[in-house]
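First comes the structure, then the notes that go with it.
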Amino acid sequence: MKVGIYGAPYSGKTTVFRLLAGNQTENLGVAKIHDERIDFLSKMFNPKKTTYATIELVDLPGLSPELSRKDKNQILMKIQNVDAILWVIRAFEDESVPSYFSDPAKEGQYLRDELLVRDLEIAESNVEKLKNAKRKLSPNEELQLKALEKSLSVLNEGKFVKLADLNEEEKKILNSFSFFTLLESVIVVNLDEKSFRSHDYRGKEGIQRIANENNFSVIEVCGKLEMEINELEEDEKYEFLKDLGLTESGIERLSKVLYSSLGLISFFTAGEDEVKAWTIKRGTTFKEAAGKIHTDLERGFIRAEVVKFEDLKRLGSMKEIKANGLMRLEGKDSIVEDGDIVNVRFSV
C-alpha cells in the first residue's frame with residue numbers, strides 16, 4: 001500500500017514524512033506501523049529478527065495557490081500512483097515560516113477544492129464523451145456512464161466520489177479513471193506546542209466539518225515536539241509523553257490511523273527465528289494469507305493453526321494455550337481476524 005503526503009508549502013508536510021518514514025530516499029520512504037502486540041511477541045519468543053508491518057510513503061510536491069493550472073495538474077497527477085492521501089494542514093504559529101493561508105480551515109478547503117476540481121473535469125469530460133458517442137454504447141460503456149453520472153452528482157454537491165451510492169462493480173469501473181476523491185484520506189493537523197497542549201486551534205471547526213462531510217479521520221500532531229521526541233531514549237520518551245498526557249507519540253498514533261483507514265489488518269507469525277506482522281486487507285481468507293508468507297503455502301494449503309493474540313497475552317505461553325484448548329484449526333475459506341497468530345500446515 002502506498003500513501004501520498006499532500007499539502008501546501010510550509011505546512012510541515014515533509015517534516016511529517018520524515019518522522020513517519022525515518023530513513024528515506026528523496027521523496028520515497030517506508031513507515032513502520034507501531035504495534036504493541038509485536039513488541040509483546042518479540043519479548044516472549046526472543047527471535048533473531050522482529051519485523052513490523054509497513055506502509056510505503058510518497059512526499060508529493062507542495063501545492064501552492066500561485067501555481068498555474070498546468071503546474072498544479074502535474075503535481076496532482078502523482079496522486080494517481082497512490083492508494084490513499086495523507087493531508088497535512090498547517091495550524092502552527094511561526095512568523096519565521098511563510099504561510100499562504102490566514103486560517104487552517106481555508107487551507108483545508110483549498111486542498112479539498114483542488115481535488116474536487118480535477119475530478120469534476122474527469123467526470124464531465126467522460127460523461128460528455130459517452131453521451132455524444134455516434135454509436136450504440138456497449139454494455140460496459142453503459143455501466144461506465146451510470147457510474148460516472150453518480151460520481152458527477154456528488155462532485156457537484158462538493159462531496160467526494162467515495163460517498164456516491166456505488167456498488168462493487170461500479171467502484172471497479174471507476175478505478176480506471178483514477179478519481180482522487182475515491183481514495184481514502186486522513187487529515188493531519190500540524191500544531192504548535194501551545195495549541196497541541198490545549199487541543200484547540202483557529203479553524204478547528206472548519207477542518208472537522210470537511211472531515212465529517214467526507215468521512216475522513218483527523219489526527220492532531222505537533223511536528224516540532226515530534227522531532228524532539230524522536231531524538232529521545234525510550235525512558236526519556238516515556239516521561240516526555242507522560243508530561244503531555246499521552247502514552248504514545250503522534251507519529252505512532254498516525255501510523256495506526258493510516259493503517260486502519262486503508263482497511264488493513266495484521267496477522268502474525270511467531271517463532272525463534274522471526275516474529276513478523278503480515279499486512280492483509282480485511283476479509284482475507286487463511287489460504288490467501290498463507291500466500292503472503294510464501295506462494296508454496298497457498299498452493300499446498302491444508303489448514304491453519306490459529307491462536308488469538310489476546311488469549312496468548314492473557315495465558316502467557318503456547319503451552320497454556322494448548323492446555324486450555326484455545327488453538328483452533330481453520331480451513332482455506334475461513335477469514336483471518338486482526339491479531340491472529342498463524343501457523344500454516346501445507347504439502348507440496
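- A salt bridge (charged side-chain N to carboxylate O under 4.0 Å, His left out) with K237 is found for exactly one of E252, E226, E248, E231, namely E252.
- Interatomic distance, OG1 of T50 versus CG of D39, reported as 8.5 Å (0.5 Å rounding).
- If you chain together hydrophobic residues whose side chains sit under 4.5 Å apart, I341 and V344 never meet in one group.
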Check your understanding: Do T269 and E274 pass the side chain to side chain contact (heavy atoms under 4.5 Å, CB included) test, and can you show the C-alpha distance, the side-chain angles, and the key distance before you say yes or no?
Key -> CA-CA 8 Å; T269 51; E274 185 177 19; over 6 Å; no

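- No more than 12 heavy atoms of other residues, nucleotides or ligands sit less than 6.0 Å from atom NZ of K78.
- Side-chain N or O atoms of S42 include none that pairs as donor or acceptor with a backbone N or O of I38 at under 3.5 Å.
- The side-chain heavy atoms of K131 and E149, taken from C-beta on, include a pair separated by under 4.5 Å.
- The side chain to side chain contact (heavy atoms under 4.5 Å, CB included) with K72 is formed by just one residue from the set E66, E114, M77; it is E114.
- A salt bridge is absent between K224 and D192: the closest approach of a Lys/Arg side-chain nitrogen to an acidic carboxylate oxygen does not fall below 4.0 angstrom.
- The ring of F40 has its center closer than 6.0 angstrom to the ring center of F309.
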Exercise for review: Take L155 and L116, measure what side chain to side chain contact (heavy atoms under 4.5 Å, CB included) needs, and give me the verdict at the end.
Suggested key: CA-CA 7 Å; L155 287 166; L116 287 170; 3.7 Å; yes

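- Shortest non-hydrogen contact noted between S138 and R135 is N-NH1, 4.5 Å.
- Figure legend: cation-pi geometry between R118 and F180, with NZ or CZ positioned under 6.0 Å from the six-membered ring centre and within 45° of its axis.
- A side-chain donor-acceptor contact under 3.5 Å links E170 to the backbone of N167.
- V88 and L111 get closest at one heavy-atom pair: O-CD1, 4.2 Å.
- The heavy-atom pair separating F216 from S185 by the smallest distance is CE2-CB, 3.6 Å.
- Two residues are said to be in side-chain contact when any heavy atoms from C-beta on lie closer than 4.5 Å; K281 and M1 meet this criterion.
- I85 pairs in a side chain to side chain contact (heavy atoms under 4.5 Å, CB included) with only one of the listed residues (I5, I187, L60, L115), which is L115.
- Atoms CE and CZ, from M227 and R18 in turn, are 8.0 Å apart once rounded to the nearest 0.5 Å.
- Residues L244 and L225 form a side-chain contact, since some pair of their non-hydrogen atoms from C-beta on lies under 4.5 Å apart.
- Looking at heavy atoms from C-beta onward, L183 lies in side-chain contact with I79 at the 4.5 angstrom threshold.
- Counting only heavy atoms from C-beta outward, the side chains of T247 and L241 never approach each other to under 4.5 Å.
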Check your understanding: How far apart are the C-alpha atoms of K129 and E141, what are their side-chain angles, what is the distance that settles it, and do they pass the salt bridge (Lys or Arg N to Asp or Glu O under 4.0 Å) test?
Key -> CA-CA 11 Å; K129 179 182 176 182; E141 287 173 327; over 6 Å; no

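- By the rule that hydrophobic residues join a cluster once side-chain heavy atoms approach within less than 4.5 Å of another member, V306 and M327 end up as members of separate clusters.
- Contact check for L254 versus V16: side-chain heavy atoms found under the 4.5 Å cut-off.
- One finds no salt bridge joining K2 and D83 here, because no Lys/Arg side-chain nitrogen approaches an Asp/Glu carboxylate oxygen to under 4.0 Å.
- Taking hydrophobic clusters as Ile, Leu, Val, Met, Phe, Trp and Tyr residues chained together by side-chain heavy-atom distances below 4.5 Å, L20 shares a cluster with L264.
- Cluster annotation: V154 is not connected to L152 through the hydrophobic network of ILVMFWY side chains, with a link wherever side-chain heavy atoms come within less than 4.5 Å.
- Between E184 and K162 a salt bridge is recorded (basic side-chain N to carboxylate O distance below 4.0 Å).
- Rounding to the nearest 0.5 angstrom, the gap separating the CD1 atom in I122 from the CG atom in L174 is 12.0 Å.
- A salt bridge is absent between E169 and K146; no separation between the charged side-chain nitrogens and carboxylate oxygens falls under 4.0 Å.
- Here the closest non-hydrogen pair linking D94 and S96 is OD1-OG, 2.5 Å.
- More than 12 heavy atoms of other shown residues, nucleotides or ligands fall within 6.0 angstrom of atom OH in Y52.
- Put simply, the side chain of D119 gets close to the backbone of T181: a donor and an acceptor are under 3.5 Å apart.
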Point to revise | Intermediate values then yes/no, salt bridge (Lys or Arg N to Asp or Glu O under 4.0 Å), E168 and K171 | key: CA-CA 5 Å; E168 288 305 312; K171 288 178 183 178; 3.6 Å; yes

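- Other residues, nucleotides and ligands contribute more than 12 heavy atoms inside 6.0 Å of the CD atom of E239.
- A donor-acceptor pair is defined here as one N or O able to donate and one able to accept, closer than 3.5 Å; no such pair exists between the side chain of D340 and the backbone of F267.
- For the atom pair S153 OG and L148 CG, the distance stands at 12.5 Å (nearest 0.5 Å).
- For the pair F268 and G339, the tightest heavy-atom approach, listed with the atom from each and the gap, is CE1-CA, 3.7 Å.
- No side-chain donor-acceptor contact under 3.5 Å links E320 to the backbone of S317.
- Residues G62 and I75 share a closest heavy-atom pair of O-CD1, 3.4 Å.
- Residues W87 and E107 are not in side-chain contact: their nearest non-hydrogen atoms beyond the backbone lie 4.5 Å or more apart.
- Between the CG atom in L67 and the CG atom in L76 there is a gap of 10.0 Å [rounded to 0.5 Å].
- Between R197 and E193 there is a salt bridge, with a side-chain nitrogen of the basic residue lying less than 4.0 Å from a carboxylate oxygen of the acidic one.
- Checking side-chain atoms of K204 against main-chain N and O of H199 turns up a donor-acceptor pair under 3.5 Å.
- Distance alone, capped at 3.5 Å, places no donor-acceptor pair between the Y201 side chain and the K194 backbone.
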Practice item. Applying side chain to side chain contact (heavy atoms under 4.5 Å, CB included), run through T285 and V336 and close with a yes or a no. Key: CA-CA 6 Å; T285 66; V336 182; over 6 Å; no

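- Looking only at atom types and distance, the side chain of S266 has a donor-acceptor partner in the side chain of Y259 under 3.5 Å away.
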**Study point:** Verdict with reasoning, Y110 to Y100, per ring pair (Phe, Tyr, Trp, His ring centres under 6.0 Å)
**Key:** CA-CA 11 Å; Y110 166 73; Y100 285 101; 8.5 Å; no

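- Two residues are said to be in side-chain contact when any heavy atoms from C-beta on lie closer than 4.5 Å; E56 and L28 fail this criterion.
- No continuous path of ILVMFWY side-chain contacts below 4.5 Å connects V307 to I280, so the two sit in separate hydrophobic clusters.
- Ion pairing between a basic and an acidic side chain is recognised when a charged N comes within 4.0 Å of a carboxylate O; E305 and K322 show no such pairing.
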Practice item. Apply side chain to side chain contact (heavy atoms under 4.5 Å, CB included) to D311 and N324, showing your working. Key: CA-CA 10 Å; D311 288 337; N324 284 271; over 6 Å; no

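- Annotation for K150: atom NZ counts as buried by contact number, over 12 foreign heavy atoms lying within 6.0 Å.
- Remark: the backbone N or O of S11 is paired with a side-chain donor or acceptor of N190 at under 3.5 angstrom.
- Taking the charged nitrogens against the carboxylate oxygens, D113 and K106 have no contact shorter than 4.0 Å, which rules out a salt bridge.
- Between the side chain of S151 and the backbone N or O of A147 there is at least one donor-acceptor pair closer than 3.5 Å.
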